[in-house]
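Just so you know, these numbers use all the heavy atoms, side chains as well, and skip hydrogens, waters and symmetry mates. This chain uses plain numbering: 1 for the first residue, then up along the sequence.
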Amino acid sequence: MISKYQLFCIMLLSRLSSEIAFPQTGGFGFESMASVLVAEAIRLVVALPVIIYSSKGRDIYGAAVRKNRLLGTLLGLTGAFAAAFLAARTVLISAEFAQRTIITGMSAAVTAIIIALLAIYMAIKGAEALSRAGVLFLVAAGVVTVTVILADIPHLKLRDIGGAEMSESFIYQVLEQLLRGGEYLVFAALLPYVKKGGGGTALVFALASTAALLLVELFGMSVLGEFYGIAEYPFTAAAELADISFFKRLDGFTAAVWTLGAAFRAGLLLFSVTAAVNSVMNGKEAFERSGT
């Protein structure tokens with residue numbers, strides 16, 4: 001069993017890793033931040049039934065199967081498929097991130113295989129091991145990230161950031177941000193492993209992750225200025241400007257830590273796949289025993 005605190009930490013690590021290790025699709029303007037807000041709001045609204053249920057029970061997929069076998073099975077398998085898709089996408093994109101930032105001499109395909117094996121290993125270790133590792137990864141990532149921010153203080157400037165407007169580009173950014181989510185799928189799948197209901201945890205995560213994502217984007221724009229729009233990975237680009245006497249390649253440390261964070265995200269999503277399928281199967285067994 002894992003605590004609500006651990007659940008919050010692994011969800012936050014997962015979301016932040018997808019923001020930093022995935023290439024940015026926006027530009028130098030509030031449109032990018034607005035897409036984050038809209039996507040986070042959409043995800044929260046869609047996840048509200050799960051969040052409300054979590055205050056009463058801990059196995060939403062199993063409960064759905066016991067209510068209606070067909071619809072419950074469809075719900076569980078849809079959640080499992082979505083988590084598997086996001087896990088595969090995370091492996092591929094994080095491999096490209098690692099190949100472009102820290103291990104340029106290795107092909108992205110080989111890097112993807114290594115990250116996939118690491119993710120599978122973490123998924124096999126189970127919820128408790130994932131939660132403990134996730135807290136440690138989040139602490140390490142937090143230390144490196146705060147160090148980058150402090151080291152970049154001389155480069156922070158007030159910028160004239162452009163406004164946001166409805167356009168095809170904005171809609172694309174919202175869709176891309178939606179694909180960087182998946183934490184509520186993790187939340188639903190991990191409910192049976194949480195000591196107590198986690199509805200409050202999900203709401204705190206929604207607020208904390210949104211605030212953290214906006215701060216990361218605002219930091220990148222303040223440091224890089226108009227170069228933010230052409231930077232593939234703005235946070236690591238900002239880390240390149242950081243100059244600390246005993247850390248001359250802070251961008252390398254940053255990329256390494258967040259690559260591990262992305263690998264952890266893939267492992268967490270893969271575990272969510274098995275957890276969702278197990279919940280469906282256990283719900284089916286209970287359904288059959290009831291004779292209904």
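- Between the CG atom of Leu224 and the CZ atom of Phe235 there is a distance of 10.5 Å, given to the nearest 0.5 Å.
- Within the model, atoms CG of Asp59 and OG of Ser279 stand 4.0 Å from one another, a figure rounded to the nearest 0.5 Å.
- Taking Ile, Leu, Val, Met, Phe, Trp and Tyr as members and joining any whose side-chain heavy atoms lie under 4.5 Å apart, directly or through other members, the hydrophobic cluster of Met106 also contains Ile102, Ile103, Val110, Ile114.
- Screening residues 203-221 for side chain to side chain donor-acceptor pair (under 3.5 Å), with sequence neighbours left out, gives Ser32-Glu217.
- Rounded to the nearest 0.5 angstrom, Leu270 CG and Thr90 OG1 are separated by 9.0 Å.
- Distance alone, capped at 3.5 Å, is enough to place a donor-acceptor pair between the Ser54 side chain and the Ile51 backbone.
- Side chains of Phe271 and Leu190 form a contact here, defined as non-hydrogen atoms less than 4.5 Å apart.
- In terms of heavy atoms, Ala206 sits closest to Leu44 at CB-CD1, 4.1 Å.
- Between Met33 and Leu213 the shortest side-chain heavy-atom distance does not fall below 4.5 Å.
- Shown here for Leu86 and Gly182, the closest heavy-atom pair between the two residues is CD1-CA, 3.6 Å.
- The distance from atom CZ of Arg15 to atom CE of Met11, rounded to the nearest 0.5 Å, is 11.0 Å.
- With ring centers used as reference points, Phe187 lies 6.0 Å or more from Phe205.
- Between Ser17 and Phe264 the shortest side-chain heavy-atom distance does not fall below 4.5 Å.
- Between Met122 and Ala263, the closest heavy-atom pair is CE-O, 3.2 Å.
- Of all the heavy atoms in Ala80 and Val273, the pair that sits closest is O-CG2, 3.3 Å.
- In this structure, CG on Leu138 lies 7.5 Å from CG on Leu16, to the nearest 0.5 angstrom.
- The stretch residues 182-192 participates, sequence neighbours left out, in these side chain to side chain donor-acceptor pair (under 3.5 Å) pairs: Ser14-Glu183, Glu183-Arg265.
- Under a 4.5 Å side-chain heavy-atom cut-off, the cluster of Ile, Leu, Val, Met, Phe, Trp and Tyr residues that includes Ile115 is completed by Val91.
- Contact check for Leu74 versus Thr78: side-chain heavy atoms found under the 4.5 Å cut-off.
- Side-chain atoms of Leu75 and Val65, non-hydrogen and from C-beta on, never get closer than 4.5 Å to each other.
- For the residue pair Gln173/Glu31, the side-chain donor-acceptor check at 3.5 Å is satisfied.
- In this structure the side chain of Val257 never reaches within 4.5 angstrom of the side chain of Phe137, judged on heavy atoms.
- Side-chain atoms of His155 come within 3.5 Å of backbone N or O of Leu241 as a donor-acceptor pair.
- For the atom pair OG (Ser94) and CD1 (Ile20), the distance works out to 13.5 Å, reported to the nearest 0.5 Å.
- Side-chain atoms of Trp258 and Thr236 include no donor-acceptor pair closer than 3.5 Å.
- Within the 3.5 Å criterion, the main-chain N or O of Arg180 finds a donor-acceptor partner in the side chain of Ser18.
- Listed by first then second residue, pairs satisfying side chain to side chain donor-acceptor pair (under 3.5 Å) with a partner in residues 110-130 number zero, not counting sequence neighbours.
- The backbone N or O of Ser3 sits less than 3.5 Å from a side-chain atom of Gln6, completing a donor-acceptor pair.
- Val38 has its side chain within reach of Phe170: a pair of non-hydrogen atoms, C-beta onward, lies under 4.5 Å apart.
- When all heavy atoms of Ser222 and Leu156 are compared, the pair lying nearest together is CB-CD2, 3.8 Å.
- Taking the charged nitrogens against the carboxylate oxygens, Arg89 and Glu96 have no contact shorter than 4.0 Å, which rules out a salt bridge.
- Using a 4.5 Å heavy-atom threshold, the side chains of Val174 and Ile42 count as touching.
- Here Tyr228 pairs with nothing under the ring-ring contact (aromatic ring centres under 6.0 Å, His included) rule; sequence neighbours left out.
- Scanning both residues, Leu260 and Leu118, for their nearest heavy atoms gives CD2-CD2, 4.1 Å.
- Taking the six-membered ring for Trp, Phe97 and Tyr233 have ring centres closer than 6.0 Å.
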